[in-house]
Amino acid sequence: MSETAAPITFTELTGRTILDSRGWPTVEVRARLDDGTCLVASAPAGASTGKHEAIELRDHDDAYSGRGVRAAVAGINNDIAELVTGRRWETITEFDRALRELDGTSGYSRLGANAVVAISITAARAFAHSAGLELHQWIAWQSGSTQRLPVPHFNVLNGGAHAANILDFQEFMIAPVGADNEEHAIEIGAEIYRALADLIRHRFGSAGLGDEGGFAPQIEDPRAALDLLTEAITTAGYTPGVEDVAIALDPAANSFYLGAEKYHVNGLDIGRRQLVDYYCDLIASYPIRSIEDGFSEEDPDGWVAMYQAASGRIQLVGDDLYVTDRDLIREGAAHDYSNAVLIKPNQVGTVTQTLEAVAAARESGMACMVSHRSGETSDSFIADLVVGTGVGQIKSGAPARGERVAKYNRLAEIALDHPDIPYGLV
């Protein structure tokens, strides 16, 4: 990661409680620079989390069923503000290192990763401003990357921990890989989403939404969900296929892992080898380009078996397995667990650590996909992150709901303002 000569000085730093997209509290940070510029950032929260994720600080009292963030906000307004304000910061690396040292734990359990990630994103915006760059340009400069507008992966059918249905797999996504540009990709996603809405209303009468804006009909069989997707793609006037509109899955296997090499899928308890065969059958039957967290983080042999069976055909993404941690990514590459990594800043804590994770994946020959969380805010940082790092793919939920479309609208804005940035997969 390169260093930039564009120092910053905060004169004010305050935190407050806001609500995320699930109605739970989260942290927002507001800051002022010495030139009077005001900056804001906020932290998302996940429902499906890996055991090695950085730790959110929650109050565990009567407010918000114990999920309040008053202690995290108090830490921002006291210890962190005292550290950060009135001091000249030369680089984001120096800034983030100071946050880690102030916390003094391996997973930000004292200050809270929810506080730390919001502050680190605020600092990134400040350094970009000081350098006279847009945030995505500054990220490209910091990471030594070539900018690229990503293929959005729209989560249009929800299950698992993200929906009140009995579908074991968590996310069914459409990816307009054949789109001409970012605006066209967003148009395709919105059109297929509307076609899917009509199909679901016709067959199920109505269907609620999951946490990420995708529909959540009462189906159990993943094949039924995939059939709905392919029909919606066709109905919208597109071709299901890896050259036009592909499908991506996030089974989130931690949620249906039974232990002892057993998984519960579609009403059946099956073994590791059967699950590999099941995925391979789906790949042969549907235009699937990517499977994320197909096996539990507690089942490394399952990851190896799937890699051996399918890594030459599709993208296999590790999320809970890696939690945006550079050392875990390197370990996964060494053991052939996957050929791709999901990138979520709040999993690891700081912008610096996030860029280190991207670098580790690249050094290991692994692809990256930038991701939101199921509990989101209107903060669009990950849109600039995916363009600046140039990894070529992002998921931010359905093309619906303000906290999801904020990211897609930011991508469209970048595309409009910078027509020279290419679009597509790496």
Spatial distance of atom CD1 (Ile174) from atom CD1 (Ile188) [nearest 0.5 Å]: 9.0 Å
Side-chain donor/acceptor of Asn165 to backbone N/O of Asn158, under 3.5 Å: yes
Aromatic contact, Tyr263 with Phe295 (centres under 6.0 Å): yes
N/O donor-acceptor pair under 3.5 Å between Tyr257 side chain and His264 backbone: no
Pair Arg330 + Glu363, salt bridge at N-O below 4.0 Å: yes
Pairing of Glu298 and Lys51 as salt bridge, 4.0 angstrom limit: yes
Residue pair Arg404 / Ser21, side-chain donor-acceptor N/O under 3.5 Å: yes
Under 3.5 Å side-chain donor-acceptor pair for Glu212 and Asn155: yes
Short side-chain to backbone donor-acceptor contact, Thr37 and Leu33, under 3.5 Å: no
Heavy-atom closest pair, residues Val177 and Val242: CG2-O, 3.2 Å
Carboxylate-amine/guanidinium proximity below 4.0 Å for Asp379 and Arg410: no
Side-chain (Asp244) to main-chain (Gly178) donor-acceptor, under 3.5 angstrom: no
Distance-only side-chain donor-acceptor flag, Gln147 / His418, under 3.5 Å: no
Side-chain donor-acceptor contact under 3.5 Å, Ser296 with Asn254: yes
Under-4.0 Å salt bridge between Arg22 and Glu403: no
Arg100, CZ atom: more than 12 neighbouring heavy atoms under 6.0 Å: no
Check: Tyr108/Asn114 side-chain N/O donor and acceptor closer than 3.5 Å: no
Presence of salt bridge, Arg201 and Asp198, under 4.0 angstrom: yes
Ala333 backbone acceptor or donor facing His335 side chain under 3.5 Å: no
Arg362 and Ser145: side chain donor to acceptor below 3.5 Å: yes
Donor-acceptor side-chain pairing of Arg148 and Gln393 below 3.5 angstrom: no
Carboxylate-amine/guanidinium proximity below 4.0 Å for Lys344 and Asp319: yes
Candidate list Leu411, Leu425, Val391, test side chain to side chain contact (heavy atoms under 4.5 Å, CB included), partner Pro150, passing option: Leu411
Short side-chain to backbone donor-acceptor contact, Asn339 and Ile314, under 3.5 Å: yes
Lys/Arg-Asp/Glu bridge criterion (N-O < 4.0 Å) met for Asp59, Arg67: no
Closest non-hydrogen atom pair between Trp89 and Phe127, with its separation: O-CE2, 3.5 Å
Distance-only donor-acceptor check, side chains Asp96 and Thr352, under 3.5 Å: yes
Flag for Tyr322-Ser338: side-chain donor and acceptor within less than 3.5 Å: yes
Test log, rule side chain to side chain contact (heavy atoms under 4.5 Å, CB included), inputs Leu249 and Glu292: CA-CA 6 Å; Leu249 304 179; Glu292 174 191 329; over 6 Å; no
Within 6.0 angstrom of Asp62 CG, more than 12 heavy atoms from elsewhere: no
Backbone N/O of Ala6 and side chain of Ser130: donor-acceptor pair under 3.5 Å: yes
N-O pairing of Asp20 and Arg373 below 4.0 Å: no
Side-chain donor-acceptor pair present, Ser42, Glu28, cut-off under 3.5 Å: no
Pair Arg203 + Glu231, salt bridge at N-O below 4.0 Å: yes
Any donor-acceptor N/O pair, Asp103 side chain to Leu99 backbone, under 3.5 Å: no
Centroid-centroid distance, Phe215 to Phe204, less than 6.0 Å: no
N/O donor-acceptor pair under 3.5 Å between His129 side chain and Arg125 backbone: no
